[in-house]
Amino acid sequence: GAIYLGVSASLDSLIFRSNSAHQWGGALQVENGNTTITHSLFFDNTAGEDGQAISLGETAGLDLQFCTIGENGLSPGSIVLFEDSNLQLSNSIIWGNPGAEIVVLESLNPCIVDIDYCDIENGLDGIDDQSGELSLTWGEGNLNVDPQFDSDTTHALLSSLPCIDVGDPNYDGDTENWETDPDDRDPDGTRMDLGAYYYHHEPGYVGRGWHVSTDGSDASGTGSIDS
């Protein structure tokens, strides 16, 4: 795999692409500590055993925010959990991986998964709890709809796609939502999108409206529809 983490870390704006591991975690293996990863893409990673993109175990905690995980491996489980690990997913997209998107293996201690405002292929059916003891919180705002990326390599969003403007409306958890709180908006001022890359809305023209008439007067015309 590309990265092994045995301590807490905070990572942002990364691309994990075309990595491989003989056993677990084609892109990332996390054991112990609490790690946060934001605005990152996991694409075309493979593992010989479990966790085609991410392996999470040994009491580790992983918080994925605004991430896209797609087209990883040839077997189920783009993300695999075991041994009392804890996964939090928000404002992210997991799509296009074979079989179940998230696999929870049998282990001595139960795992915890919290998901809200995410697009997960097959929804709840995209989670394979082989342990039978998973503590799952399926929160608000989750989708099961093809994100229809701009391409299979960039995983960018297009203006008409369903993952735009559907992120957590109160991302920072205060008393205001995105309509009045700039902290809950994408850089273009709109409600947050899902996934690693937001779609930038170009501002429309907000100036004065002008009218052109073929029989108007160059001397006395004012730009109104009548002159």
- Message: Considering only residues two or more places apart or on different chains, which pairs with a residue in residues 52-61 satisfy side chain to side chain donor-acceptor pair (under 3.5 Å)?
- Response: N32-T59, Q52-S75

Going hydrophobic residue to hydrophobic residue with side-chain gaps under 4.5 angstrom, can you get from [X] over to [Y]?
{"X": "L124", "Y": "V104", "value": "yes"}
{"X": "L64", "Y": "Y117", "value": "no"}
{"X": "Y199", "Y": "W95", "value": "yes"}
{"X": "L28", "Y": "Y4", "value": "no"}
{"X": "I115", "Y": "V166", "value": "no"}

Atom of [X], atom of [Y] and distance for their closest heavy-atom approach:
{"X": "C67", "Y": "H39", "result": "SG-N, 4.2 Å"}
{"X": "W178", "Y": "R185", "result": "O-NE, 2.7 Å"}
{"X": "L161", "Y": "Q148", "result": "CD1-O, 2.5 Å"}
{"X": "F42", "Y": "N72", "result": "O-ND2, 3.3 Å"}
{"X": "P182", "Y": "T180", "result": "CD-O, 3.6 Å"}
{"X": "G123", "Y": "W138", "result": "C-CH2, 3.8 Å"}

- Worked verdict on L105 versus L81 for side-chain contact (heavy atoms from CB on, under 4.5 Å): CA-CA 6 Å; L105 301 178; L81 294 86; over 6 Å; no

- Paired with L56, the side-chain contact (heavy atoms from CB on, under 4.5 Å) test is passed by just one of V113, I102, V80, L62, namely L62

- Task: Using the side-chain contact (heavy atoms from CB on, under 4.5 Å) rule, take I69 and F16 through it: C-alpha gap first, then chi angles, then the decisive distance, then the call.
- Result: CA-CA 9 Å; I69 303 173; F16 295 86; over 6 Å; no

Is it true that a side-chain atom of [X] and a backbone atom of [Y] form a donor plus acceptor pair closer than 3.5 Å?
{"X": "S8", "Y": "N34", "answer": "yes"}
{"X": "D119", "Y": "V145", "answer": "yes"}
{"X": "S40", "Y": "D12", "answer": "no"}
{"X": "N45", "Y": "A27", "answer": "no"}
{"X": "S135", "Y": "I112", "answer": "no"}
{"X": "S107", "Y": "E83", "answer": "yes"}
{"X": "D193", "Y": "D165", "answer": "yes"}
{"X": "N177", "Y": "N170", "answer": "no"}
{"X": "S20", "Y": "G26", "answer": "no"}
{"X": "R191", "Y": "D184", "answer": "no"}

Using 0.5 Å steps for rounding, measure from the [atom1] atom of [X] to the [atom2] atom of [Y].
{"X": "D186", "Y": "D188", "atom1": "CG", "atom2": "CG", "result": "5.5 Å"}
{"X": "N19", "Y": "I3", "atom1": "CG", "atom2": "CD1", "result": "8.5 Å"}
{"X": "C163", "Y": "D146", "atom1": "SG", "atom2": "CG", "result": "8.5 Å"}
{"X": "Q65", "Y": "T36", "atom1": "CD", "atom2": "OG1", "result": "6.0 Å"}
{"X": "E133", "Y": "E106", "atom1": "CD", "atom2": "CD", "result": "9.0 Å"}
{"X": "C118", "Y": "N144", "atom1": "SG", "atom2": "CG", "result": "12.5 Å"}

- Message: Pair Q88, N86 - check side-chain hydrogen bond (donor to acceptor under 3.5 Å, both in side chains), show working.
- Response: CA-CA 7 Å; Q88 293 183 309; N86 182 335; 5.1 Å; no

- Message: Less than 3.5 Å apart, any donor N or O on the side chain of S18 or D44 sitting next to an acceptor on the other?
- Response: yes

Does a side-chain heavy-atom distance below 4.5 Å link [X] with [Y]?
{"X": "L194", "Y": "L143", "value": "yes"}
{"X": "F66", "Y": "M192", "value": "yes"}
{"X": "L14", "Y": "L41", "value": "no"}
{"X": "I127", "Y": "V103", "value": "no"}
{"X": "N142", "Y": "I120", "value": "no"}
{"X": "P187", "Y": "Y198", "value": "yes"}
{"X": "F82", "Y": "N109", "value": "no"}
{"X": "T35", "Y": "D63", "value": "no"}

- Message: Test side-chain hydrogen bond (donor to acceptor under 3.5 Å, both in side chains) on D168 and N91; report intermediate values, then the result.
- Response: CA-CA 7 Å; D168 190 342; N91 300 289; 5.0 Å; no

- Would L157 and Y197 satisfy side-chain contact (heavy atoms from CB on, under 4.5 Å), going step by step from the backbone distance to the final call? CA-CA 7 Å; L157 300 176; Y197 309 117; 6.0 Å; no

